[in-house]
Amino acid sequence: MFSFKSDLSHAIQLDQNDPLSAYRNEFHIPKDASGEELIYLCGNSLGLQPKETKNAINQELEDWATLGVEGHLEAKNPWLLYHEFLTEAMAKVVGAKPIEVVVMNTLTANLHFMMVSFYQPTKTRYKILIESDAFPSDKYAVESQLRHHGIDDKEGLVLWKPREGEELLRYEDLEHILQEQGDEIALIMIGGVNYYTGQYFDLKRITNLGHNHGCVVGFDCAHGAGNVQLNLHESGADFAVWCTYKYMNSGPGSLSGCFVHERYAHAKDLNRFTGWWSHNKKTRFNMRGEFDQLPGAEGWQLSNPPILSMAAIKASLHIFDTIGIEELTKKSKKLTGYFEYLLKELNNEHISIITPSNPDERGCQLSIQVKNADKSLHEKLTQSGVISDWREPDVIRCAPVPLYNSFQDIYHMVDRLKNILNG
Ligand SMILES: *Cc1c(COP(=O)(O)O)cnc(C)c1O
(Lines give C-alpha, C1' and ligand atoms only; values in the text may rest on other atoms or scores of the structure.)
Protein backbone atom coordinates (compact mmCIF):
# COMPACT_ATOMS: atom_id res chain seq x y z
CA MET A 1 0.00 0.00 0.00
CA PHE A 2 2.80 2.40 0.93
CA SER A 3 6.39 2.28 -0.20
CA PHE A 4 8.85 3.22 2.49
CA LYS A 5 12.61 3.64 2.70
CA SER A 6 14.75 3.10 5.75
CA ASP A 7 16.88 6.25 5.83
CA LEU A 8 16.36 9.33 7.98
CA SER A 9 15.80 11.65 5.03
CA HIS A 10 12.74 9.57 4.10
CA ALA A 11 11.31 10.05 7.61
CA ILE A 12 11.90 13.79 7.34
CA GLN A 13 10.15 13.82 3.98
CA LEU A 14 7.19 11.85 5.37
CA ASP A 15 6.81 14.45 8.13
CA GLN A 16 7.02 17.28 5.61
CA ASN A 17 4.26 15.72 3.55
CA ASP A 18 2.07 14.93 6.57
CA PRO A 19 -1.01 17.20 6.61
CA LEU A 20 -1.42 16.59 10.36
CA SER A 21 2.18 17.25 11.41
CA ALA A 22 1.35 20.65 12.93
CA TYR A 23 -0.90 19.06 15.57
CA ARG A 24 2.15 17.86 17.48
CA ASN A 25 2.58 21.49 18.56
CA GLU A 26 -0.82 21.42 20.22
CA PHE A 27 0.48 18.91 22.79
CA HIS A 28 2.96 18.97 25.64
CA ILE A 29 5.67 16.44 24.76
CA PRO A 30 7.42 15.06 27.89
CA LYS A 31 11.18 15.74 28.12
CA ASP A 32 14.15 14.02 29.73
CA ALA A 33 16.31 15.57 32.47
CA SER A 34 18.40 17.47 29.94
CA GLY A 35 15.36 18.94 28.21
CA GLU A 36 15.36 16.62 25.19
CA GLU A 37 11.92 15.53 23.98
CA LEU A 38 11.23 11.88 24.76
CA ILE A 39 9.88 9.53 22.14
CA TYR A 40 6.47 8.94 23.67
CA LEU A 41 4.79 5.76 22.46
CA CYS A 42 2.47 5.25 25.42
CA GLY A 43 -0.63 7.08 24.20
CA ASN A 44 -2.47 3.77 24.50
CA SER A 45 -1.95 3.99 28.25
CA LEU A 46 -2.08 7.71 28.97
CA GLY A 47 -2.50 10.16 26.12
CA LEU A 48 -0.51 13.40 26.16
CA GLN A 49 -1.91 16.69 27.36
CA PRO A 50 -3.27 19.13 24.77
CA LYS A 51 -1.99 22.65 25.47
CA GLU A 52 -5.58 23.87 25.41
CA THR A 53 -6.59 21.66 28.35
CA LYS A 54 -5.26 24.04 30.98
CA ASN A 55 -7.30 26.93 29.54
CA ALA A 56 -10.45 24.83 29.44
CA ILE A 57 -10.06 23.78 33.09
CA ASN A 58 -9.08 27.29 34.13
CA GLN A 59 -12.27 28.62 32.59
CA GLU A 60 -14.32 26.43 34.92
CA LEU A 61 -12.14 27.26 37.94
CA GLU A 62 -12.63 30.95 37.18
CA ASP A 63 -16.37 30.60 36.83
CA TRP A 64 -16.56 28.61 40.04
CA ALA A 65 -14.47 31.28 41.82
CA THR A 66 -16.58 34.19 40.61
CA LEU A 67 -20.04 32.62 40.37
CA GLY A 68 -20.20 29.86 42.96
CA VAL A 69 -23.41 27.89 42.61
CA GLU A 70 -24.73 30.27 39.96
CA GLY A 71 -22.22 28.69 37.59
CA HIS A 72 -24.68 25.85 37.03
CA LEU A 73 -26.63 28.27 34.85
CA GLU A 74 -24.38 31.33 34.46
CA ALA A 75 -20.96 29.85 33.68
CA LYS A 76 -19.67 30.46 30.17
CA ASN A 77 -20.34 26.76 29.64
CA PRO A 78 -23.26 26.20 32.03
CA TRP A 79 -22.44 23.20 34.23
CA LEU A 80 -25.98 21.92 34.24
CA LEU A 81 -25.72 21.13 30.54
CA TYR A 82 -22.02 20.37 30.47
CA HIS A 83 -22.12 16.72 29.40
CA GLU A 84 -24.22 17.75 26.40
CA PHE A 85 -21.32 19.83 25.08
CA LEU A 86 -19.39 16.58 24.64
CA THR A 87 -22.01 14.32 23.16
CA GLU A 88 -21.98 15.23 19.49
CA ALA A 89 -18.20 15.23 19.06
CA MET A 90 -17.85 12.04 21.07
CA ALA A 91 -20.55 10.36 18.99
CA LYS A 92 -18.59 11.23 15.84
CA VAL A 93 -15.38 9.77 17.24
CA VAL A 94 -17.03 6.40 17.93
CA GLY A 95 -19.39 6.42 14.94
CA ALA A 96 -22.67 6.65 16.82
CA LYS A 97 -25.79 8.81 16.94
CA PRO A 98 -25.86 11.46 19.67
CA ILE A 99 -28.78 9.76 21.40
CA GLU A 100 -26.63 6.65 21.76
CA VAL A 101 -23.73 8.32 23.59
CA VAL A 102 -23.07 9.82 26.98
CA VAL A 103 -19.92 10.69 28.92
CA MET A 104 -20.25 9.65 32.56
CA ASN A 105 -18.56 7.77 35.42
CA THR A 106 -15.34 5.81 34.97
CA LEU A 107 -14.80 2.88 32.67
CA THR A 108 -15.12 -0.20 34.87
CA ALA A 109 -18.05 1.43 36.70
CA ASN A 110 -19.83 1.89 33.35
CA LEU A 111 -19.11 -1.70 32.43
CA HIS A 112 -20.96 -2.75 35.58
CA PHE A 113 -23.85 -0.38 34.97
CA MET A 114 -24.19 -1.74 31.44
CA MET A 115 -24.21 -5.29 32.76
CA VAL A 116 -26.97 -4.39 35.21
CA SER A 117 -29.08 -3.74 32.11
CA PHE A 118 -27.61 -6.13 29.56
CA TYR A 119 -26.66 -9.17 31.58
CA GLN A 120 -29.91 -10.77 32.64
CA PRO A 121 -29.13 -14.43 33.28
CA THR A 122 -31.83 -17.10 33.28
CA LYS A 123 -31.61 -20.73 34.48
CA THR A 124 -30.52 -21.93 31.06
CA ARG A 125 -28.84 -18.86 29.55
CA TYR A 126 -26.40 -17.41 32.06
CA LYS A 127 -22.83 -17.59 30.75
CA ILE A 128 -20.59 -14.67 29.76
CA LEU A 129 -18.04 -15.00 26.95
CA ILE A 130 -14.87 -12.87 26.94
CA GLU A 131 -11.52 -13.07 25.16
CA SER A 132 -9.01 -15.15 27.14
CA ASP A 133 -6.52 -12.31 27.55
CA ALA A 134 -9.13 -9.66 28.30
CA PHE A 135 -7.96 -6.63 30.27
CA PRO A 136 -7.89 -7.74 33.93
CA SER A 137 -10.42 -5.15 35.10
CA ASP A 138 -12.96 -6.44 32.57
CA LYS A 139 -12.38 -10.03 33.61
CA TYR A 140 -12.78 -9.19 37.30
CA ALA A 141 -15.92 -7.16 36.57
CA VAL A 142 -17.49 -9.98 34.58
CA GLU A 143 -16.60 -12.62 37.21
CA SER A 144 -18.10 -10.49 39.95
CA GLN A 145 -21.31 -10.06 37.92
CA LEU A 146 -21.57 -13.84 37.64
CA ARG A 147 -21.11 -14.23 41.40
CA HIS A 148 -23.56 -11.40 42.04
CA HIS A 149 -26.19 -13.50 40.29
CA GLY A 150 -25.26 -16.59 42.31
CA ILE A 151 -23.38 -18.24 39.43
CA ASP A 152 -20.06 -20.00 39.90
CA ASP A 153 -17.58 -17.78 38.05
CA LYS A 154 -15.55 -20.72 36.72
CA GLU A 155 -18.62 -22.43 35.38
CA GLY A 156 -20.18 -19.25 33.99
CA LEU A 157 -17.15 -17.78 32.24
CA VAL A 158 -16.46 -18.88 28.66
CA LEU A 159 -13.08 -17.96 27.17
CA TRP A 160 -12.37 -17.31 23.49
CA LYS A 161 -8.74 -18.44 23.29
CA PRO A 162 -5.99 -18.30 20.69
CA ARG A 163 -4.91 -21.68 19.34
CA GLU A 164 -1.86 -23.42 20.71
CA GLY A 165 1.25 -21.55 19.51
CA GLU A 166 -0.79 -18.56 18.26
CA GLU A 167 -1.44 -15.12 19.72
CA LEU A 168 -4.42 -13.80 17.78
CA LEU A 169 -8.04 -14.87 18.02
CA ARG A 170 -9.85 -16.54 15.12
CA TYR A 171 -13.50 -16.01 14.28
CA GLU A 172 -13.93 -19.69 13.36
CA ASP A 173 -13.17 -20.54 16.97
CA LEU A 174 -15.77 -18.07 18.23
CA GLU A 175 -18.30 -19.61 15.83
CA HIS A 176 -17.41 -23.02 17.15
CA ILE A 177 -17.97 -21.98 20.77
CA LEU A 178 -21.31 -20.44 19.84
CA GLN A 179 -22.42 -23.55 17.97
CA GLU A 180 -21.65 -25.65 21.02
CA GLN A 181 -22.93 -23.42 23.83
CA GLY A 182 -24.48 -20.34 22.20
CA ASP A 183 -27.85 -20.96 23.82
CA GLU A 184 -26.24 -20.90 27.27
CA ILE A 185 -24.39 -17.61 26.67
CA ALA A 186 -26.27 -14.54 27.85
CA LEU A 187 -23.57 -11.97 27.11
CA ILE A 188 -20.56 -11.61 24.85
CA MET A 189 -18.24 -8.88 26.13
CA ILE A 190 -15.08 -8.32 24.08
CA GLY A 191 -12.35 -5.67 24.13
CA GLY A 192 -12.89 -3.99 20.73
CA VAL A 193 -9.12 -3.62 20.30
CA ASN A 194 -7.26 -6.10 22.49
CA TYR A 195 -4.94 -4.24 24.86
CA TYR A 196 -2.19 -6.85 24.65
CA THR A 197 -1.98 -7.94 21.01
CA GLY A 198 -3.51 -4.82 19.44
CA GLN A 199 -5.92 -7.01 17.45
CA TYR A 200 -8.91 -4.93 16.31
CA PHE A 201 -11.94 -7.13 16.09
CA ASP A 202 -14.69 -6.96 13.51
CA LEU A 203 -17.37 -5.62 15.83
CA LYS A 204 -20.17 -6.11 13.35
CA ARG A 205 -19.21 -9.70 12.65
CA ILE A 206 -19.04 -10.57 16.35
CA THR A 207 -22.33 -8.78 16.99
CA ASN A 208 -24.08 -10.65 14.18
CA LEU A 209 -22.67 -13.97 15.34
CA GLY A 210 -23.78 -13.30 18.91
CA HIS A 211 -27.22 -12.02 17.97
CA ASN A 212 -27.80 -15.06 15.72
CA HIS A 213 -27.38 -17.18 18.83
CA GLY A 214 -29.59 -14.95 20.98
CA CYS A 215 -26.71 -13.42 22.96
CA VAL A 216 -26.41 -9.78 23.99
CA VAL A 217 -23.17 -8.24 22.66
CA GLY A 218 -21.14 -5.44 24.26
CA PHE A 219 -17.64 -4.10 23.71
CA ASP A 220 -15.01 -2.41 25.84
CA CYS A 221 -13.48 0.05 23.40
CA ALA A 222 -10.89 1.58 25.75
CA HIS A 223 -8.21 0.84 23.13
CA GLY A 224 -10.45 1.70 20.21
CA ALA A 225 -11.90 5.14 20.95
CA GLY A 226 -9.84 7.81 19.20
CA ASN A 227 -7.67 5.10 17.64
CA VAL A 228 -9.81 3.31 15.05
CA GLN A 229 -13.11 3.97 13.28
CA LEU A 230 -15.41 2.00 15.54
CA ASN A 231 -18.71 2.64 13.73
CA LEU A 232 -20.57 1.55 16.83
CA HIS A 233 -24.04 2.25 15.49
CA GLU A 234 -23.36 0.30 12.31
CA SER A 235 -21.93 -2.61 14.28
CA GLY A 236 -25.32 -3.15 15.88
CA ALA A 237 -23.70 -3.80 19.27
CA ASP A 238 -26.05 -3.53 22.22
CA PHE A 239 -23.67 -1.45 24.30
CA ALA A 240 -20.07 -0.24 24.48
CA VAL A 241 -17.88 1.56 26.99
CA TRP A 242 -14.49 3.26 26.73
CA CYS A 243 -12.22 5.60 28.65
CA THR A 244 -10.98 9.06 27.68
CA TYR A 245 -7.48 9.02 29.14
CA LYS A 246 -5.85 6.74 26.55
CA TYR A 247 -6.21 7.80 22.90
CA MET A 248 -8.71 10.50 23.91
CA ASN A 249 -6.02 12.53 25.76
CA SER A 250 -8.24 13.75 28.60
CA GLY A 251 -6.04 13.19 31.62
CA PRO A 252 -5.36 10.49 34.22
CA GLY A 253 -8.49 8.78 35.51
CA SER A 254 -10.74 10.90 33.33
CA LEU A 255 -14.33 9.94 32.64
CA SER A 256 -15.66 7.19 30.46
CA GLY A 257 -17.85 7.16 27.39
CA CYS A 258 -20.84 4.90 27.05
CA PHE A 259 -22.86 3.75 24.04
CA VAL A 260 -26.30 2.19 24.17
CA HIS A 261 -27.76 1.29 20.80
CA GLU A 262 -30.67 3.41 19.62
CA ARG A 263 -33.01 0.40 19.74
CA TYR A 264 -33.00 0.78 23.54
CA ALA A 265 -33.48 4.57 23.56
CA HIS A 266 -37.01 4.23 24.91
CA ALA A 267 -36.76 0.84 26.60
CA LYS A 268 -38.09 2.02 29.93
CA ASP A 269 -38.67 -1.51 31.18
CA LEU A 270 -34.98 -2.44 30.79
CA ASN A 271 -33.56 -3.01 34.27
CA ARG A 272 -31.09 -0.33 35.33
CA PHE A 273 -29.68 1.58 38.26
CA THR A 274 -30.86 5.17 38.27
CA GLY A 275 -30.20 8.52 39.94
CA TRP A 276 -31.42 12.08 39.54
CA TRP A 277 -29.35 12.54 36.38
CA SER A 278 -31.29 9.72 34.68
CA HIS A 279 -34.48 11.66 35.32
CA ASN A 280 -36.25 13.97 32.85
CA LYS A 281 -34.28 17.24 32.67
CA LYS A 282 -37.41 19.40 32.70
CA THR A 283 -38.63 18.13 36.04
CA ARG A 284 -35.34 17.06 37.61
CA PHE A 285 -35.33 19.93 40.04
CA ASN A 286 -38.91 19.58 41.19
CA MET A 287 -37.28 17.01 43.46
CA ARG A 288 -40.61 15.33 44.12
CA GLY A 289 -42.74 12.72 42.54
CA GLU A 290 -42.39 9.78 40.24
CA PHE A 291 -39.22 8.87 38.42
CA ASP A 292 -39.37 9.88 34.76
CA GLN A 293 -36.73 8.13 32.62
CA LEU A 294 -34.62 10.20 30.21
CA PRO A 295 -34.50 8.60 26.76
CA GLY A 296 -31.25 7.42 25.17
CA ALA A 297 -27.85 6.75 26.73
CA GLU A 298 -28.29 9.81 28.98
CA GLY A 299 -30.89 7.81 30.85
CA TRP A 300 -28.10 5.72 32.37
CA GLN A 301 -26.47 8.70 34.13
CA LEU A 302 -26.62 8.78 37.91
CA SER A 303 -24.91 11.88 39.24
CA ASN A 304 -24.21 15.44 38.32
CA PRO A 305 -20.85 15.13 36.61
CA PRO A 306 -17.32 16.36 37.49
CA ILE A 307 -16.94 19.51 35.39
CA LEU A 308 -13.13 19.80 35.65
CA SER A 309 -12.65 16.40 34.07
CA MET A 310 -15.25 17.17 31.44
CA ALA A 311 -13.45 20.42 30.59
CA ALA A 312 -10.38 18.36 29.70
CA ILE A 313 -12.51 16.07 27.54
CA LYS A 314 -14.06 19.08 25.83
CA ALA A 315 -10.63 20.50 24.94
CA SER A 316 -9.49 17.16 23.58
CA LEU A 317 -12.66 16.50 21.59
CA HIS A 318 -12.23 19.85 19.89
CA ILE A 319 -9.06 18.53 18.25
CA PHE A 320 -10.73 15.30 17.12
CA ASP A 321 -13.66 17.26 15.78
CA THR A 322 -11.42 19.60 13.78
CA ILE A 323 -9.53 16.74 12.11
CA GLY A 324 -12.13 14.00 11.94
CA ILE A 325 -11.51 10.37 12.80
CA GLU A 326 -11.25 9.40 9.08
CA GLU A 327 -8.29 11.71 8.48
CA LEU A 328 -6.70 10.63 11.70
CA THR A 329 -6.88 6.92 10.92
CA LYS A 330 -5.52 7.62 7.44
CA LYS A 331 -2.32 9.00 8.96
CA SER A 332 -2.36 6.31 11.63
CA LYS A 333 -2.24 3.52 9.05
CA LYS A 334 0.70 5.15 7.34
CA LEU A 335 2.60 5.83 10.56
CA THR A 336 2.09 2.32 11.92
CA GLY A 337 2.81 0.84 8.50
CA TYR A 338 6.11 2.73 8.52
CA PHE A 339 6.88 1.47 12.02
CA GLU A 340 6.16 -2.11 10.94
CA TYR A 341 8.33 -1.66 7.85
CA LEU A 342 11.33 -0.45 9.88
CA LEU A 343 10.96 -3.22 12.46
CA LYS A 344 10.85 -5.84 9.73
CA GLU A 345 13.92 -4.30 8.09
CA LEU A 346 15.82 -4.98 11.33
CA ASN A 347 15.27 -8.64 10.60
CA ASN A 348 16.32 -9.53 14.13
CA GLU A 349 15.45 -12.91 15.59
CA HIS A 350 15.04 -11.51 19.13
CA ILE A 351 11.87 -9.64 18.28
CA SER A 352 8.66 -10.33 16.39
CA ILE A 353 5.41 -8.43 15.96
CA ILE A 354 2.30 -10.22 17.24
CA THR A 355 -0.18 -7.53 16.14
CA PRO A 356 -2.08 -8.36 12.91
CA SER A 357 -0.26 -7.22 9.78
CA ASN A 358 -3.55 -6.30 8.07
CA PRO A 359 -4.04 -2.55 8.75
CA ASP A 360 -7.82 -3.09 9.02
CA GLU A 361 -7.31 -5.51 11.90
CA ARG A 362 -5.30 -3.19 14.13
CA GLY A 363 -5.11 0.38 15.36
CA CYS A 364 -1.85 2.24 15.82
CA GLN A 365 -0.35 -0.10 18.42
CA LEU A 366 2.27 -2.70 17.57
CA SER A 367 3.04 -5.33 20.19
CA ILE A 368 6.62 -6.51 19.95
CA GLN A 369 7.23 -9.93 21.40
CA VAL A 370 10.69 -10.34 22.90
CA LYS A 371 12.48 -13.68 22.73
CA ASN A 372 13.03 -15.36 26.10
CA ALA A 373 10.94 -12.59 27.69
CA ASP A 374 14.10 -10.48 28.02
CA LYS A 375 12.80 -7.51 29.96
CA SER A 376 16.16 -5.72 29.87
CA LEU A 377 15.42 -4.76 26.27
CA HIS A 378 12.53 -2.60 27.46
CA GLU A 379 14.66 -1.11 30.25
CA LYS A 380 17.37 -0.15 27.79
CA LEU A 381 14.82 1.38 25.45
CA THR A 382 13.52 3.49 28.31
CA GLN A 383 17.06 4.59 29.18
CA SER A 384 17.51 5.63 25.56
CA GLY A 385 14.55 8.00 25.84
CA VAL A 386 11.78 5.85 24.35
CA ILE A 387 8.64 5.60 26.48
CA SER A 388 6.84 2.34 25.73
CA ASP A 389 5.47 -0.27 28.08
CA TRP A 390 6.27 -3.80 29.05
CA ARG A 391 3.37 -6.20 29.46
CA GLU A 392 3.87 -9.61 31.01
CA PRO A 393 4.78 -12.14 29.91
CA ASP A 394 6.93 -10.93 27.00
CA VAL A 395 5.60 -7.93 25.09
CA ILE A 396 6.69 -4.33 24.53
CA ARG A 397 3.68 -2.29 23.47
CA CYS A 398 4.31 0.77 21.30
CA ALA A 399 1.59 3.10 20.10
CA PRO A 400 2.56 5.72 17.53
CA VAL A 401 -0.28 8.21 17.96
CA PRO A 402 -1.05 10.11 14.74
CA LEU A 403 -2.00 13.29 16.65
CA TYR A 404 1.42 13.88 18.14
CA ASN A 405 3.92 11.25 17.02
CA SER A 406 6.05 11.98 13.98
CA PHE A 407 7.65 9.70 11.41
CA GLN A 408 11.00 10.88 12.80
CA ASP A 409 9.93 9.65 16.26
CA ILE A 410 9.49 6.23 14.74
CA TYR A 411 12.75 6.38 12.81
CA HIS A 412 14.71 7.27 15.96
CA MET A 413 12.90 4.68 18.07
CA VAL A 414 13.79 1.85 15.71
CA ASP A 415 17.33 3.19 15.31
CA ARG A 416 17.83 3.06 19.09
CA LEU A 417 16.25 -0.38 19.24
CA LYS A 418 18.67 -1.53 16.56
CA ASN A 419 21.66 -0.24 18.51
CA ILE A 420 20.45 -1.98 21.66
CA LEU A 421 19.87 -5.27 19.84
CA ASN A 422 23.30 -5.06 18.23
CA GLY A 423 24.90 -3.76 21.43
C1 LIG B 1 -7.62 0.88 30.36
C2 LIG B 1 -8.63 -0.19 30.46
C3 LIG B 1 -9.39 -0.35 31.65
C4 LIG B 1 -9.18 0.50 32.87
O5 LIG B 1 -10.37 0.66 33.57
P6 LIG B 1 -10.62 1.91 34.54
O7 LIG B 1 -11.96 1.62 35.11
O8 LIG B 1 -10.59 3.16 33.69
O9 LIG B 1 -9.53 1.94 35.55
C10 LIG B 1 -10.37 -1.35 31.64
N11 LIG B 1 -10.58 -2.13 30.55
C12 LIG B 1 -9.85 -1.99 29.41
C13 LIG B 1 -10.12 -2.88 28.24
C14 LIG B 1 -8.86 -1.03 29.34
O15 LIG B 1 -8.13 -0.91 28.23
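As the structure lists them, so they are numbered: ligands from 1, and atoms in each ligand from 1.
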Worksheet item: Nearest protein heavy-atom contact for atom 9 (O) of ligand 1: which residue, which atom, what distance?
Response: Tyr245 OH, 3.7 Å
Item to complete: Anything under 30° is parallel, anything over 60° is perpendicular, the rest tilted; go ahead and classify His149 against Tyr119.
Response: perpendicular
Worksheet item: What atoms of ligand 1 come within less than 4.0 Å of a heavy atom belonging to Lys246?
Response: 1 (C), 2 (C), 3 (C), 14 (C), 15 (O)
Discussion item. Can you confirm if the aromatic rings of Phe201 and Trp160 lie within a centre distance of less than 6.0 Å?
Written reply: yes
Discussion item. To check your reading of the model: name the closest protein heavy atom to atom 11 (N) of ligand 1, its residue, and the distance in Å.
Written reply: Asp138 OD1, 2.6 Å
Discussion item. Check the orientation of Phe118 and Tyr264. Use parallel for under 30°, tilted for 30 to 60°, and perpendicular for over 60°.
Written reply: perpendicular
Worksheet item: Which of parallel (below 30°), tilted (30 to 60°) and perpendicular (above 60°) describes Phe4 and Phe2?
Response: tilted
Fill in: Between CG on residue Leu203 and SG on residue Cys221, distance to nearest 0.5 Å
5.5 Å
Discussion item. Between ligand 1 and Asp220, is the shortest N or O to N or O distance under 3.5 Å?
Written reply: yes
Worksheet item: Quick one: which ligand 1 atoms are inside 4.0 Å of a heavy atom on His223?
Response: 15 (O)
Worksheet item: Is it the side chain (CB and beyond), the backbone, both or neither of Thr108 that lies under 4.0 Å from ligand 1, heavy atoms counted?
Response: both
Discussion item. Can you confirm, on distance only, whether ligand 1 has an N/O atom lying under 3.5 Å from any N/O atom belonging to Tyr195?
Written reply: no
Discussion item. Could you check whether Asp202 pairs with Lys204 (Lys NZ or Arg NE/NH1/NH2 to Asp/Glu carboxylate O, under 4.0 Å)?
Written reply: no
Worksheet item: Using a heavy-atom cut-off of under 4.0 Å, does the side chain or the backbone of Phe135 touch ligand 1, or both, or neither?
Response: side chain
